[in-house]
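Handing you a structure now.
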Amino acid sequence: MSQSDRYLRKQGAVLLSPHRTRFHLWAPSCSSVQLEAEDHPPVPMTADDHGGFVCETPTGAGLRYRYRVAPDLLVPDPASTRQPEDVHGPSEVTDPESYRWQNPRWQGRPWEKAVIYEVHIGLAGGYTKLAADLPRIAAFGITAIELMPIAEFPGGRNWGYDGVLPFAPESAYGTPDELKALIDRAHTLGLMIFLDVVYNHFGPDGNFIEQYARPFFLQDRRTPWGHAIDFTQRAVRDFFIDNALYWLMEFRFDGLRLDAVQAITEQDWLTELHETVRQTVEPDRHVHLILENENNDARLLREGFTAQWNDDGHNALHVILTGETDGYYGNFASNPTMDLACVLKEGFRFQGDKSPVTGKPRGSPSSDLAAEKFILFLQNHDQTGNRAMGERLTVLAQPHMLETAYALLLLSPQIPMIFFGDEWGTRTPFFFFTSHNPELARIVRDGRRQEFASFSHFHDPHRRELIPDPNDPRTFEHSRPDRREMEQPEHKEWLDRTRELLRLRHQYIVPRLKNARGLDVTHLTKQGCALFARWSMEDGSILNIAFNLSTMLTQLPSAPHGTFLYGLRTTFSSPDLPPASLLAWLEGDNHV
């Protein structure tokens, strides 16, 4: 049974047979809608009882079409599956069976085996070039690729969060079948591949939905991107559920990362999404739903969502490594060591207490959750690219301290994620970039520079002028990790460290990781950050990680004993922890 036998997409243009296509558009603000296809006469669409318009035509894949929703407005399909001429061009009917899968029985991998590599596919060169690079990525220990959003956006350069056609893989990166070949190649190499999807807003250029489906949005509630999406509407809920199933069933993605779900007005929709995915995908497939959620809502993780990005962990580590406390880092300014200790033991730092920055309560208790419910990272697209100058930690932090934090990241029971280029410690910045029309480009450039006016380093307007213009093609090119660095000794050493740490993780930690839980965290010094953390593992053993991110020599409470895993600037025979050191070992294990 093919995936199309199990799930038939409901939105947009659906191929019913090689020479017959069904079209559906939800347009409750229209009294009539007409299908206009290239080289074909217009076809009036029939209204249904729910604000939708439908028709069937004796046409097949490759047909380019638009919808006439007003005498002076012709729009692409909001559920277009291909936009070969960008967001303002015609949509194209695609055949979900045109690609012949090489790994049709791939079932994914259990979550505890995940080591995630976040990548921007445009900077990687597109679908085909990234596919060619996958053997290199798999060789140093990565088990899951996470693609930044690929929904069609205006132009060819964008982070992906300005997407306006969520079913259409970005045409600047290649064709839908080339995307499927990328996913197939990942599966051949034993790699899971996840997709970042944006269900909380549309980009500002190329979104026409409000012109023909005004109820799609809440007219009395605005977000930074425009009117909020109205998830009380059944058609809206179905639109995004259909999108999630489309990526999971037709493209065989192993999971989705849901962007900023705190901005989704009806949180019960998330539960409905999870349940529908569970009921639809094949029962023997491992499919993972990952959250980004400012609300730190542990309930969603208990109800079945696989994991959440642990921003609290990143923020505490960033303050410790850099001393920066501007913006949201102010939440971690008073005692980042205590914050990190809480993260390592309980998952979230904010579990209902007030945010010092906003003064509002944030989060919910998470200490009962297993460690693998949290994704830990030192960097990602947000925390790097949303800096004015896009600096990575290799530029901001002391090298030895960063090495120590990196070892903690890759050996911690929380699921590690690294940002592309971090495997060799690249010093290439990652900027915010776009390819908007001139008017919108000016607004974005000036608005972004003004955002940084409150930061101490950019009080001076002349300094703000140095912030790169997002629309300048050079900003995009300067964000591409420089692979020539890998030939330099310090970067070779960093890559070797990545391989060794991930080898240890896969050999010793992953087999006993499921349901690991924090036991306790001991503070080893009164000044700076030096912690000794312990976790109970699935097989009854105890994982110990002691690390010193302070500038002072400190000691463990007693000499370690058990099975040595890794030491950085310290030895297993001594309780001493010099500055920028780390020691990891297992206790009570008879199967090492």
Side-chain angles (χ1 to χ4, degrees), residues 114-117 140-143 310 313-314 316-318 320-322 336-337 340-341 343-345 371 374-380 392-394 396-419 421-426 490-510 513 516 518 521-522 524-525 528-535 537 542-551 553-554 556 560 562-572 574-586:
V115 176
I116 304 171
Y117 186 78
F140 65 79
I142 292 296
T143 61
N310 198 343
H314 165 272
L317 280 163
H318 187 93
I320 291 165
L321 291 170
T322 68
T337 299
L340 179 59
V343 163
L344 295 176
K345 182 183 177 185
F374 304 92
I375 298 171
L376 190 61
F377 47 89
L378 292 175
Q379 306 189 112
N380 62 29
R392 297 194 187 222
L393 284 172
T394 44
L396 299 170
Q398 293 295 322
H400 286 348
M401 295 295 183
L402 180 57
E403 291 167 7
T404 304
Y406 191 62
L408 172 65
L409 168 69
L410 298 187
L411 296 178
S412 160
Q414 296 189 20
I415 299 298
M417 182 177 74
I418 65 175
F419 192 41
D422 286 353
E423 68 269 27
W424 72 81
T426 184
E490 65 269 29
H491 293 288
K492 284 184 177 179
E493 182 180 351
W494 191 279
L495 186 57
D496 288 343
R497 182 181 300 111
T498 300
R499 291 193 188 99
E500 174 64 7
L501 287 166
L502 289 181
R503 182 190 69 79
L504 292 168
R505 181 179 187 85
H506 291 306
Q507 182 175 352
Y508 294 110
I509 297 173
V510 167
L513 177 58
V521 180
T522 303
L524 301 177
T525 181
C529 177
L531 298 172
F532 172 30
R534 304 191 312 143
W535 294 267
M537 308 301 282
I542 296 174
L543 173 65
N544 302 264
I545 302 180
F547 59 95
N548 186 356
L549 290 172
S550 79
T551 57
L553 174 69
T554 188
L556 288 164
T563 302
F564 169 74
L565 299 185
Y566 186 76
L568 181 64
R569 283 180 283 277
T570 189
T571 65
F572 196 51
S574 169
D576 288 346
L577 277 180
S581 64
L582 179 142
L583 191 65
W585 70 98
L586 280 167

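Quick note: residue numbers are just sequence positions, from 1. Every value quoted in this text rests on a predicted model; they were computed, and no experiment measured them. Computed from heavy atoms alone, side chains included, the values below leave out hydrogens, waters and symmetry copies.
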Handout entry: Non-hydrogen side-chain atoms of F547 and C529 separated by less than 4.5 Å
Key =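 With C-beta onward as the side chain, the pair touches.
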Practice task
Report yes if some heavy atom in the side chain of R505 is under 4.5 Å from a heavy atom in the side chain of L502; otherwise report no.
Solution key: yes
Problem - Enclosure of Q398 CD (heavy-atom neighbours >12, cutoff 6.0 Å) - result: no
Fill in the blank from the handout: Smallest heavy-atom separation, R499 atom then D496 atom, equals NH1-OD1, 3.0 Å
Exercise for the section: Of all the heavy-atom pairs spanning L411 and A584, show the shortest one and how long it is. Expected result: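 Between these two residues, the closest heavy atoms are CD1-CB, 3.9 Å.
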Fill in the blank from the handout: By ring pair (Phe, Tyr, Trp, His ring centres under 6.0 Å), Y566 pairs with (sequence neighbours left out) none
Handout entry: Sequence-distant partners of F377, ring pair (Phe, Tyr, Trp, His ring centres under 6.0 Å), two or more places apart
Key =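 Testing F377 for ring pair (Phe, Tyr, Trp, His ring centres under 6.0 Å), a comparison that skips the adjacent residues, returns W309, H314.
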Exercise for the section: Answer whether the closest heavy-atom distance between the side chains of L583 and W585 falls below 4.5 Å. Expected result: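 Yes, their side chains come closer than 4.5 Å.
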Handout entry: Pairwise side-chain contact, L317 with L549, heavy-atom cut-off 4.5 Å (strictly under)
Key =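 Of all side-chain heavy-atom pairs linking L549 with L317, at least one is under 4.5 Å.
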Problem - Residues L582, E403; criterion side-chain contact (heavy atoms from CB on, under 4.5 Å); working and verdict - result: CA-CA 9 Å; L582 179 142; E403 291 167 7; over 6 Å; no
Exercise for the section: For Y508 and T563, test the side chains for any donor-to-acceptor distance below 3.5 angstrom and give the result as yes or no. Expected result: no
Handout entry: Any side-chain heavy-atom pair of N548 and P578 under 4.5 Å
Key = no
Problem - Test item: V343 and N310 side chains (from C-beta on) under 4.5 Å apart, heavy atoms - result: yes
Problem - Worked check of side-chain contact (heavy atoms from CB on, under 4.5 Å) between H506 and V115 - result: CA-CA 9 Å; H506 291 306; V115 176; 3.8 Å; yes
Practice task
Report the relative orientation of the aromatic rings in F140 and Y117; use parallel for angles under 30°, tilted for 30 to 60°, perpendicular for over 60°.
Solution key: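 The rings of F140 and Y117 stand perpendicular, inter-plane angle above 60°.
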Problem - Residue pair M417 / L376, side-chain heavy-atom distance below 4.5 Å - result: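 No, their side chains stay 4.5 Å or more apart.
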Practice task
Indicate the atoms forming the closest heavy-atom contact of R569 with S581, along with that distance.
Solution key: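 Looking at all heavy atoms of both residues, the closest pair is O-CB, 3.7 Å.
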Exercise for the section: Check D422 against T426 and note the closest heavy-atom contact, atom names and distance. Expected result: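 D422 and T426 have their closest heavy atoms at N-CG2, 4.3 Å.
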Practice task
Walk me through it: do L504 and E500 pass the test side-chain contact (heavy atoms from CB on, under 4.5 Å)?
Solution key: CA-CA 6 Å; L504 292 168; E500 174 64 7; 3.8 Å; yes
Handout entry: Close side-chain approach of I509 and L586, heavy atoms under 4.5 Å
Key = no
